[in-house]
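Naming: A, B, ... by sequence-line order, numbering from 1 per chain.
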Amino acid sequence: MPELPEVQAVVHGLVEDGIECARIRSVTVRRASSVNPQLAEEFSAACKGRTIVSAERRAKNIMLHLSRDRVLRVHLRMTGDLRIGTGEENPPFVRVEWQLSAGHVLRFVDSRNLGHLQVRSEADMAKTLGHLGIEPLSRAFTAARLADLAHNSRLPAKLFLMDQTKVVGLGNIYAAEVLFRAGVAPTRAMNALEADEIARLHHAIRQVLRGAVQSVYKAYRTPAGYRNHRDDFSRMVYGRAGEPCQACGSSIDRIRQAGRSTYFCSSCQR
DNA sequence: AGTCACCTGATT
DNA sequence: AATCAGGTGACT
């Protein structure tokens, strides 16, 4: 469920709550399949006694760098969340719990159980993440770089944007919003786009993601956490099938691409 | 390149 | 009861 801005907000929240330098005293794996194919026992043993040195986001993964060459990777998938608490709370759907120093508790909650965690050495983790594409908010992500990637792909634009081996961080919502802002139809083959369309896409990707990051940061300190900003962030097309386009007034369309809903304005997006 | 499986809660 | 969900990897 969370895309780049939401994962970024989770990491930001963890750092604000002092996760860096916290020591893991013990671990409780309440649902073994969340750490599959590692055994719950080895997962716990790998965490226990280590210090969480730093937290960062890579694509939609949360990377917790531990002491003595271990990295804990958390992927939230659709419904996962990772938050620090006092130990007093009793949230539903807790799958893994880490007892930290200073009495804090780190919890991985995930109602649908699609999320996934693993602990690896830095080198092994680098291999695991090797297939990931470019970070859209990095300096390396230029219009020329996007044009390069686009040139080699016949994917429809929306599927290209959601393909994590090309550009990371965009999911179903932001891909739709980016395409609307760029004025590009989601069905267009990526290698058929003109240079100016690529330039508009490049600009829209950065603008939409940067705006969303700010928006989610603000909404994060609520019970709903990263989920809450859906009320705050102004979506132009996502979830608005049948409603008038904010730009031209014609009805927003909904189609299906790769089994998922795509929302767009067929008059603004060509 | 498209479909399905992974799971379960919320909504229609 | 049926459909949908902001993700991803495996499979046909």
For [X], answer base if it contacts any base atom (sugar-phosphate contacts may also be present), sugar-phosphate if it contacts only those atoms, and nothing otherwise; contact means non-hydrogen atoms under 4.0 Å.
X      : answer
A:Y263 : sugar-phosphate
A:G259 : nothing
A:Q164 : sugar-phosphate
A:S33  : nothing
A:H116 : nothing

Rounding to the closest angstrom, what is the interatomic distance between C:dA1 and B:dC7 at atom P? 23 Å
The side chain of [X] lies closest to which of these nucleotides: [options]?
X      : options             : value
A:R112 : B:dC7, C:dC4, C:dG7 : B:dC7
A:L155 : B:dC7, B:dA1, C:dA5 : B:dA1
A:R256 : B:dC7, C:dG7, C:dC4 : C:dC4
A:L159 : B:dG2, C:dA5, C:dT8 : B:dG2

Base of C:dA5 paired with side chain of A:R260 (donor-acceptor, under 3.5 Å): no
Would you say [atom1] of [X] has more than 12 non-hydrogen atoms from neighbouring residues, nucleotides or ligands within 6.0 angstrom?
X      : atom1 : value
A:E20  : CD    : yes
A:R221 : CZ    : yes
A:R25  : CZ    : no

Nucleotide [N], atom [atom2] - distance to [atom1] of [X] in whole Å:
X      : N     : atom1 : atom2 : result
A:M162 : B:dG2 : CE    : P     : 13 Å
A:N113 : C:dG9 : CG    : P     : 18 Å
A:D163 : C:dT8 : CG    : C1'   : 11 Å
A:F93  : B:dT8 : CZ    : C1'   : 8 Å
A:L114 : B:dC4 : CG    : P     : 17 Å
A:H75  : C:dG9 : NE2   : P     : 7 Å
A:K60  : C:dG9 : NZ    : P     : 10 Å
A:N172 : C:dG7 : CG    : C1'   : 10 Å

Give a yes-or-no answer on whether the side chains of [X] and [Y] include a donor-acceptor pair shorter than 3.5 Å.
X      : Y      : result
A:E6   : A:Y174 : yes
A:S261 : A:R254 : yes
A:S153 : A:N191 : no
A:E122 : A:H65  : yes

Closer than 4.0 Å, any side-chain N/O of A:S261 to the OP1 or OP2 of C:dA5? yes
Here's one to test your reading of the geometry: is the NZ or CZ of A:R83 within 45 degrees of the ring axis of A:Y220 and under 6.0 Å from its centre? yes
Pull out every residue in residues 182-191 of chain A that has a heavy atom closer than 4.0 Å to any atom of DNA chain B, ordered by number, or say none. none
Checking base pairs now: Watson-Crick or wobble, both atom distances under 3.5 Å. What partners B:dC7? none
